[in-house]
Amino acid sequence: MRVLVGVVLLAIVATVWVALPDSDEADRATRGGAADRTAASSSGGAARPAPTEQKDPSSAKEDVPPADPARIAKLIATIKGEGKDSAIAALKALAAIGPAAGEAAPVVAKILIDFEHVMEEFRRKNPTTFVNSGRFPHEAADALVAFGDASIAPMIQALADPTWRVHYHATNVLREIGVPAADALVHACHTGNDHARASAVEVLGFLGEERPQLLAEVARLLVDPKDDVRQAAATALAGYGTAAVPHLIVALGEGSTAWMAARALGRIGPEAIDAVPALARALESNSRRTREAAATALGGIGPAAASSAEALARLLYDKSEDVREKATRALVRIGRASIPSLVEVLNSDAPEARAAAASALGGRVPSDVFLSLLDAKEASVRRAGAIALSRRGLYADRAIPVLLESLDTGDLADVYAVDQMDAVASALARYPDLAKQTLPALLGAYEKLCSKHFPKGYSPSWGHFDNIRDAFVSLGTHDIPTLLRTLDSESKAVYYMGYEAVPKAGQVVLPELILLSRRGSLRAREAAVDVLDHFAKEHDSARDALRDRLSDSEPKIRIEAARPFWLHTKDAKTVVPVLLGVIEDRSEHRGDAALLLIKIGPDAGFAEDRIRAALKAETDGAVIYRLKKTIAAIEAARAKAVTPGGR
């Protein structure tokens, strides 16, 4: 019964803490969790935890709180309580005491684990609800690191927990404790459940530089019966550098472990040169993942892997697009030694292989080689030649039409479309006179990709998207209608690109921008008004256009215009009646109008009676709060004005 009551109380506490989050730590937790989950999915194994922030002992104050048993007991009791802020303060105090407060380690560990269990259950039952864990779990983890040796046993035990966040904290704490945890981690590699064993091996990988003698222990696990443990061992060996290379070479021939071994060798980099022959053999594996990882590893080794160029070139015929891409990148990194093999592929009859070879050759062969590809019957080969020429800024008048033709088909893989758009942007940087006939097609392709992959407006971060944005920034004056079309796009990502590009195009866009603010669609007018803010400080015509939009038929436009107009003119007599009109009309945007009234503050005093009347008629809580705050600012300014000395 006590256990049940405790769980219920803990659930209540966790729910309260979710409702009252600390944004800074929550952001840290969210970013860390997302990054680690991404790393886990891309590596095929458990994610490496982000390091817990360590306190520098040399910077600690001399008056560290004494290790008084009674005080420690009181702090432990405080952590068990329901007060969020007091529990966090107690954790910080215990962390400041350090190892002398080690008796608190089991308690803190249990509370942390129970907390994450409750949060995990809440997330499971409410999958669409954002859950902010707040600062508590991270402060608890920091305290466990500070306790040192006393935290090792409970954290080793936590490695077996299936809850992802418990695993995250346990591996993080053990990693930060470091060498003192080594023996316990080695023991955990041979005991407990498979999840705990793989996690223990993972942490040992971080100790390679400090405890190189652990290498043999980790390498022994490459032949473990469990696949997860073998893969974790292969990943961990990368932390031991060159000394691990012989063991990883053996692992390349071990079936399911091969791809992880290849990836580890790639992380070691040029120092893994002895593995080049074995990696070249791995390129012939039946496993797509192994072929990809081996190609990537050879690219990581770089020019020293020149002997593998021929084997890598054969991968350009691979049926997997991902394998061809990894091989292409590897051949580029190997450098000049790969040219003979690539030229041989370029003269083959396989279109996809020829396209990949052209991409890998880049600028390392005469331009005439690529110019001849523009007449190939296969679209992929023509495209590859056009990309290579465009990146060189050569024959743009012939290359750009080929690229635009491929973009217009709409059946390209996204990665190729991005490459082509970047190539067009690169060519336009050298041939701006082609902008007017090219930017519309470039914008159309960019818009399609953004609508597909960035519907919420997140900034694209793939490959060369920055070059595409730069093309619109630098070339927009050559085709102002296309540039302004970005402000009317259904894609938020495209709109944000336009919002950046239009002001940088300069004063030359102002006439058409002002016209758009009057006659465009609602979306375009709103965007145009927003961008006019960039010009209003220095240009009378922009301020006049904003004044004109204060009488727009749409309340949203009136508010968007009022904001920059007030900022640049401080003309409250003109702006305040517009805002009050939006509020009095019961517009759905009246909350924004009331928010701007707060910023105007005492300058709205001339309309105090009207503001009070609006407050009396208002029913929306947020609007009521903002109107009251505006009135309070007006009253405070009046009181200050009548007080002698303004005090």
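In what follows, every heavy atom counts, from backbone to side chain, and hydrogens, waters and symmetry copies are set aside.
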Any side-chain heavy atom of [X] within less than 4.5 Å of one from [Y]?
X	Y	value
R525	S553	yes
E292	V323	yes
H568	D533	yes
D552	V529	no
L442	T482	no
L443	M497	yes
R230	D227	yes
L252	T290	no

Where is the tightest heavy-atom contact between [X] and [Y], given as atom of each residue plus distance?
X	Y	value
S341	A313	CB-CB, 3.7 Å
A294	A282	CB-CB, 3.9 Å
L374	V402	CD2-CG2, 4.2 Å
A234	L248	O-CD2, 3.7 Å
A297	L265	CB-C, 4.4 Å
A278	I249	CB-CG2, 3.8 Å

Mind checking the [atom1]-[atom2] spacing from [X] to [Y]? Nearest 0.5 Å is all I need.
X	Y	atom1	atom2	result
S285	W259	OG	CH2	12.5 Å
I301	I268	CD1	CD1	9.0 Å
S307	L312	OG	CG	9.5 Å
L389	R398	CG	CZ	8.5 Å
R563	L579	CZ	CG	9.0 Å
F565	D544	CZ	CG	8.0 Å

Salt bridge (Lys or Arg N to Asp or Glu O under 4.0 Å) involving [X] - partner list, sequence neighbours excluded:
X	result
E554	none
E310	R314
R518	D548
D322	none

Does [Y] offer a backbone N or O that forms a donor-acceptor pair with the side chain of [X] under 3.5 Å?
X	Y	answer
T486	L483	yes
T235	Q231	yes
R333	A330	no
S521	A524	yes
R590	V582	no
R263	A293	no

For this session: Evaluate whether atom NZ of K599 has more than 12 neighbouring non-hydrogen atoms of other residues, nucleotides or ligands under 6.0 angstrom away.
Result: no
Under 3.5 Å donor-acceptor pairs involving side-chain atoms of residues 433-440, not counting sequence neighbours:
| from | atom 1 | to | atom 2 | distance (Å) |
| --- | --- | --- | --- | --- |
| T438 | OG1 | L434 | O | 2.7 |

For this session: State which residue, out of I514, L516, V502, fulfils the side chain to side chain contact (heavy atoms under 4.5 Å, CB included) condition with L532.
Result: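 The option that passes is I514.
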For this session: Indicate the ring-plane relationship of H539 and F535, choosing parallel, tilted or perpendicular according to the 30° and 60° boundaries.
Result: tilted
Exercise. Which of parallel (below 30°), tilted (30 to 60°) and perpendicular (above 60°) describes H534 and Y499?
Worked result: perpendicular
Problem set entry | Check against side-chain contact (heavy atoms from CB on, under 4.5 Å), S308 and L279 | CA-CA 8 Å; S308 67; L279 286 168; over 6 Å; no
Seminar exercise, completed: Exactly one candidate in R288, K326, R291, R324 meets salt bridge (Lys or Arg N to Asp or Glu O under 4.0 Å) with D318; the answer is R291
For this session: Could you please spell out the steps behind the salt bridge (charged side-chain N to carboxylate O under 4.0 Å, His left out) verdict for K556 and D592?
Result: CA-CA 9 Å; K556 180 64 173 174; D592 293 332; 3.6 Å; yes
For this session: I would like to know whether T574 and T569 meet side-chain contact (heavy atoms from CB on, under 4.5 Å); could you show each step before the answer?
Result: CA-CA 10 Å; T574 300; T569 67; over 6 Å; no
For this session: Would you mind listing every side chain to side chain donor-acceptor pair (under 3.5 Å) that reaches into residues 270-284, with sequence neighbours excluded?
Result: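 Listed once each, the pairs are T242-E271.
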For this session: Begin from the C-alpha positions of V345 and L342 and carry the test side-chain contact (heavy atoms from CB on, under 4.5 Å) through to its verdict.
Result: CA-CA 5 Å; V345 175; L342 287 168; 5.5 Å; no
Problem set entry | side-chain contact (heavy atoms from CB on, under 4.5 Å) assessment of L298 paired with L283 | CA-CA 10 Å; L298 288 166; L283 296 176; 3.7 Å; yes
